[in-house]
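Can you read through this structure? Questions will come right after.
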Number of protein chains: 2
Amino acid sequence: MDVELLNDDRPAVSTVVTDERRPRKRGRKPANGREEPLNHVEAERQRREKLNQRFYALRAVVPNISKMDKASLLGDAISYITELQKKLKEMESEKDVQQNSPDVDVQMGNNEVIVHVSTPLETHPVSTVINVFKETQVDVVDSKFSASNNTVFHTFVVKTQSGSEQMTMGFFFSPLLTMACERKF
Amino acid sequence: MDVELLNDDRPAVSTVVTDERRPRKRGRKPANGREEPLNHVEAERQRREKLNQRFYALRAVVPNISKMDKASLLGDAISYITELQKKLKEMESEKDVQQNSPDVDVQMGNNEVIVHVSTPLETHPVSTVINVFKETQVDVVDSKFSASNNTVFHTFVVKTQSGSEQMTMGFFFSPLLTMACERKF
DNA sequence: AATCACACGTGAAGC
DNA sequence: TGCTTCACGTGTGAT
């Protein structure tokens, strides 16, 4: 009975409020009018499942998920990524500072070669010790350096100012042990 | 989350095909008398838009997007996050190694105090130089150390083995300048 | 033609 | 009660 082509009244549904242009085509029903391919619906089902699976996996790697909402999850993931990127960039720049540091100069003589290495104090392992020397205003008489297999030794000889008061020096240097282990640089 | 055990649900599925009539509730909708609340459809529209917006933003922060596909995007984002986490964890552990390093020992005498500082060679600024010394098997006769305002100076006196051949030594030490600047440690 | 990926409107479930 | 979020089937443009 209904052989007419009035199936174009469907857009009338959505064009209630200034919907939009719709460059549709005519009579596009799959011949049967009934019964979609059933493949399509299944394929779409799988696509949805895969997507949700990824959402679930994303929740696993992003900490501090504020809400279970999908959009919020994506937002959290985005801010988390940018946060990681920022943190990593900072660390790499710090590394670069440490790597650009050593400045090497070689002087060759007849029987010997003299190698000068200068680096910024900040990133040097003994910086904390040196800084304590400066802060306490003690005189460094001598400083030695030696390297064994895989360890570097620095030895500093410090002169007690005006006749040595061991208690005072102990007061100065006891913080050294703890400072050297705690201080961040 | 919800598992459909009633898979026979295909009754009033598409209102598209058989839309001309209203098989369900009558005159239920407010004011418009026509279609669905129109709020709902608009709300859903906004939700979709927001979600896609987040997807677009996610594409901006994730590099190396293999395909424009949504699922692939999520997959790339996930692997990218885990990659960043891994990289960051490595760097932090390296930092910890550098911070735990300095080992300080203080010996107090009458007129002087001797401070020993030992650190692992790997992270020491002169490690590259020391390693070159080892690799070329030269003898380090003397090594001095001094620190000025904000710079540390290391001076190594190296003895030429068996009568000094400057060309050979130059061959040994010219790589030193470049190596010290390039090598990663 | 067949497949893929997307956006849409719609019913339902949780507050 | 309405508001929000979700899954679903479907239409459609690409490839």
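A note on names: the letters A, B, ... follow the listed sequences, proteins ahead of strands, and every chain is numbered from 1. FYI, side chains are in, hydrogens and waters are out, and symmetry mates aren't considered; it's all heavy atoms of this structure.
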- Can you tell which of dA5(C), dG9(C), dG9(D) lies closest to the side chain of R47(A)? dA5(C)
- Short side-chain N/O contact to dC8(D) OP1/OP2 from R48(A), under 4.0 Å: yes
- Task: Tell me which of E44(A) and N52(A) sits closer to the 5' end of DNA chain D, going by the nucleotide each one is nearest to.
- Result: N52(A)
- Item | Separation between CE of M91(A) and NZ of K87(B), rounded to the nearest 0.5 Å | 13.5 Å
- Query: Is E49(B) paired with R45(B) through a side-chain N to carboxylate O contact shorter than 4.0 Å?
  - Reply: no
- Message: Just to be sure I understand the geometry, which residues of residues 57-68 of chain B put a non-hydrogen atom under 4.0 Å away from DNA chain C?
- Response: K67(B), M68(B)
- Item | Euclidean distance, atom CD of residue E42(B) to atom C1' of dT5(D) [Å, nearest integer] | 16 Å
- Message: Under 4.0 Å between a side-chain nitrogen and a carboxylate oxygen: does that hold for R47(B) and E44(B)?
- Response: yes
- Report yes if a donor N or O on one partner sits less than 3.5 Å from an acceptor N or O on the other, where the partners are the side chain of H40(B) and the base of dG11(C); otherwise report no. yes
- Task: Verify the contact: side-chain N or O of R45(B) to OP1 or OP2 of dA7(C), cut-off strictly under 4.0 Å; return yes or no.
- Result: no
- With a cut-off of 6.0 Å (strictly less than), are more than 12 heavy atoms of other residues, nucleotides or ligands near CD of E90(B)? yes
- Message: Between S66(A) and D76(A), do the side chains contain a donor N or O and an acceptor N or O under 3.5 Å apart?
- Response: yes
- Which listed nucleotide (dG9(C), dC6(C), dT5(D)) is nearest to the side chain of K70(B)? dC6(C)
